[in-house]
Amino acid sequence: CKIELLDATKCNQISDKALIAIAGHCVELKTLRLDDCVKLTDDAVQAFFAGCPKRCDLWVSRCPRVSEARIVERRQIEHHKIIRRLTLAA
């Protein structure tokens, strides 16, 4: 998949399973916007970190089931270099 930017803001159908699939198949992805996607959880975002092969801007603002603390903790543990910009603002 050659998609470089995917904006799924306010898409209530984006689930954890979908985000994991995006990470595995959209290898050219540079920007992923998932603001207001209420079904996403920390587990899916962390799986995205693990499956995304390139550096990517990830926007997950106002996703009530995504915890800033867990994502930041995971980035520090893994010294993550995949996510270039992570936006979690409320």
Side-chain angles (χ1 to χ4, degrees):
C1 179
K2 301 222 184 242
I3 295 172
E4 291 185 8
L5 181 142
L6 178 59
D7 188 344
T9 298
K10 296 185 180 181
C11 180
N12 292 326
Q13 300 305 314
I14 295 288
S15 65
D16 287 0
K17 187 176 179 179
L19 182 56
I20 293 165
I22 289 167
H25 296 309
C26 297
V27 296
E28 299 298 322
L29 197 61
K30 293 180 182 173
T31 302
L32 179 59
R33 294 202 63 133
L34 298 168
D35 301 314
D36 297 303
C37 292
V38 297
K39 289 185 177 180
L40 293 180
T41 69
D42 289 332
D43 293 336
V45 174
Q46 291 180 21
F48 178 82
F49 287 157
C52 185
K54 293 199 174 200
R55 296 178 65 99
C56 182
D57 293 338
L58 178 62
W59 301 72
V60 287
S61 298
R62 297 174 307 280
C63 295
R65 298 169 71 193
V66 174
S67 161
E68 179 177 357
R70 267 196 74 199
I71 292 172
V72 170
E73 173 186 305
R74 174 75 179 236
R75 281 185 77 197
Q76 290 171 346
I77 289 170
E78 295 182 359
H79 304 289
H80 229 290
K81 59 185 177 208
I82 292 173
I83 302 302
R84 197 171 49 196
R85 178 185 316 167
L86 176 63
T87 304
L88 292 154

Checklist entry - How far apart are the C-alpha atoms of Val60 and Phe48, what are their side-chain angles, what is the distance that settles it, and do they pass the side chain to side chain contact (heavy atoms under 4.5 Å, CB included) test? => result CA-CA 12 Å; Val60 287; Phe48 178 82; over 6 Å; no
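Shown here are the salt bridge (Lys or Arg N to Asp or Glu O under 4.0 Å) partners of Asp36, two or more places apart in sequence or in another chain: Arg62. For Leu5, the side chain to side chain contact (heavy atoms under 4.5 Å, CB included) partners two or more places apart in sequence, or in a different chain, are Asp7, Thr31.
Atoms CG and CH2, on Leu6 and Trp59 in that order, are 14.5 Å from each other to the nearest 0.5 Å. Note that CZ of Arg33 is 14.5 Å distant from SG of Cys11, once rounded to the nearest 0.5 Å.
The cluster map of Ile, Leu, Val, Met, Phe, Trp and Tyr, joined by side-chain heavy atoms under 4.5 Å apart, puts Val66 and Val38 in different clusters.
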What donor-acceptor contacts under 3.5 angstrom involve side-chain atoms of residues 16-27, with partners at least two apart or in another chain?
unit_1 : atom_1 : unit_2 : atom_2 : d
Asp16  : OD1    : Thr41  : N      : 2.9
Asp16  : OD1    : Thr41  : OG1    : 3.3
Asp16  : OD2    : Thr41  : OG1    : 2.5

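Inter-residue side-chain proximity for Cys63 and Asp35 is flagged as unmet; no heavy-atom pair is nearer than 4.5 Å. Side-chain contact between Leu40 and Ile14 is present, with heavy atoms from C-beta onward closer than 4.5 Å.
The residues Glu28 and Lys2 are annotated as not salt-bridged, no charged nitrogen and carboxylate oxygen being separated by less than 4.0 angstrom.
Scanning all heavy atoms of the two residues, the minimum distance from Cys37 to Ala8 falls at SG-O, 3.1 Å.
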